[in-house]
Amino acid sequence: MHTSTFTYTPNKVGEPMLIRIDQDDEIYNVTIGDTYLGTMVKDDNAEYGWQTEDQMLKDELPDLSLALKEQEAIYNLPFALKDLYTENIVDWDWSEDDSLNIIVHPDVDLQEFANTIRDQVYDVVLFDKDLIIHLHQEGNNEVEEIHINC
């Protein structure tokens, strides 16, 4: 089972709440705050891309589907960057504060590479959420910060 959590603002509440999605194979169990809303499955033919029989979840699907698309785009960002800069990026991980740590090859000019990413990152950014990339170099303590949508 895979669990993901992120902040979501339900229309009915109007303020950010923590959403938890527990994925068990093709079934997604959705909890917002302390309220379990039900299960859903991906369905490309459904109006919002998801199918559910749970009314509370149906009521949230218009906004929840957009939030899930944004989360998926954020999750895919390091893969897109690795595709663009295969030789330069060694590894990445996510910090607890939802910032992205990218480790670059020791032979790369860190500042020049950071500027390249700053110039081109919006070609692959498909989300509106603010995000900070911390660019680190193997064997070096220097860090370049790249602010996205900030």
Side-chain angles (χ1 to χ4, degrees), residues 1-42 44 48-50 52 56-57 60-150:
M1 182 180 297
H2 173 74
T3 299
S4 59
T5 57
F6 57 94
T7 303
Y8 166 70
T9 305
N11 275 341
K12 294 177 184 170
V13 178
E15 53 189 66
M17 297 184 78
L18 189 64
I19 185 168
R20 188 180 81 235
I21 298 182
D22 298 307
Q23 181 183 355
D24 189 8
D25 290 325
E26 297 175 4
I27 307 290
Y28 294 73
N29 296 288
V30 181
T31 304
I32 297 179
D34 294 327
T35 306
Y36 176 73
L37 298 185
T39 62
M40 63 185 189
V41 294
K42 282 189 177 184
D44 293 333
Y48 298 107
W50 299 91
T52 183
M56 287 195 311
L57 197 48
E60 288 296 328
L61 272 183
D63 294 322
L64 181 58
S65 66
L66 292 174
L68 289 170
K69 285 178 186 174
E70 181 161 280
Q71 281 304 116
E72 185 176 6
I74 292 168
Y75 172 80
N76 287 326
L77 178 62
F79 298 101
L81 291 172
K82 179 70 173 168
D83 285 346
L84 285 174
Y85 310 110
T86 304
E87 299 298 320
N88 296 338
I89 295 177
V90 175
D91 199 9
W92 68 81
D93 66 4
W94 291 97
S95 298
E96 289 182 22
D97 64 354
D98 290 332
S99 61
L100 177 60
N101 297 307
I102 295 179
I103 300 168
V104 300
H105 194 275
D107 294 336
V108 171
D109 181 313
L110 187 63
Q111 189 172 32
E112 183 179 317
F113 185 55
N115 289 334
T116 299
I117 291 178
R118 285 183 189 102
D119 290 342
Q120 298 176 2
V121 73
Y122 289 100
D123 294 340
V124 295
V125 168
L126 304 173
F127 55 87
D128 294 326
K129 181 180 177 183
D130 295 349
L131 179 73
I132 297 175
I133 296 175
H134 299 279
L135 207 58
H136 307 264
Q137 192 165 37
E138 274 188 338
N140 185 342
N141 291 334
E142 186 181 352
V143 176
E144 284 283 333
E145 281 192 357
I146 300 168
H147 295 261
I148 299 174
N149 298 327
C150 298

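The basis for the numbers below is simple: all heavy atoms, side chains too, and nothing from hydrogens, waters or symmetry mates.
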What I'd like to find out is whether the side chain of Phe6 reaches to under 4.5 Å of the side chain of Lys129, using heavy atoms alone. no
How close do Val104 and Phe113 get, counting heavy atoms only, and between which atoms? CG1-CE2, 3.4 Å
Gln23: side-chain hydrogen bond (donor to acceptor under 3.5 Å, both in side chains) partners, not counting sequence neighbours: Tyr28
Asp93 and Asn101 side chains, donor-acceptor separation under 3.5 Å: yes
Please report the interatomic distance CD1(Ile102) to CG(Leu135), rounded to the nearest 0.5 Å. 6.0 Å
Looking at every non-hydrogen atom in both residues, tell me the closest pair between Tyr36 and Thr31 and how far apart they are. CD1-OG1, 3.5 Å
Looking at Ala114 and Ile146, what are the two nearest heavy atoms and their distance? O-CD1, 3.9 Å
Side-chain atoms of residues 75-85: list all donor-acceptor pairs with protein atoms under 3.5 Å, sequence neighbours left out, distances to 0.1 Å.
| residue | atom | partner | partner atom | Å |
| --- | --- | --- | --- | --- |
| Asn76 | ND2 | Glu72 | O | 3.1 |
| Lys82 | NZ | Thr86 | O | 3.1 |
| Lys82 | NZ | Ile89 | O | 2.5 |
| Tyr85 | OH | Gln120 | OE1 | 2.7 |

Residues which pass salt bridge (Lys or Arg N to Asp or Glu O under 4.0 Å) with Lys69, listed by chain and number, not counting sequence neighbours: none
Other residues, nucleotides and ligands only: do more than 12 of their heavy atoms fall within 6.0 Å of CG on Asp44? no
Atom pair OG1 (Thr5) and CZ (Arg20), whose distance is rounded to the nearest 0.5 Å: 9.0 Å
For the residue pair Gly33 and Met17, what are the closest heavy atoms and their distance? CA-CE, 3.7 Å
Heavy-atom donor-acceptor pair, Arg118 side chain to Glu145 backbone, under 3.5 Å: yes
What one should report as the nearest heavy-atom pair of Val41 and Glu26 is CG1-O, 3.3 Å
With Leu37 as reference, evaluate Ile32, Ile19, Asn29 under the side-chain contact (heavy atoms from CB on, under 4.5 Å) test and give the passing residue. Ile32
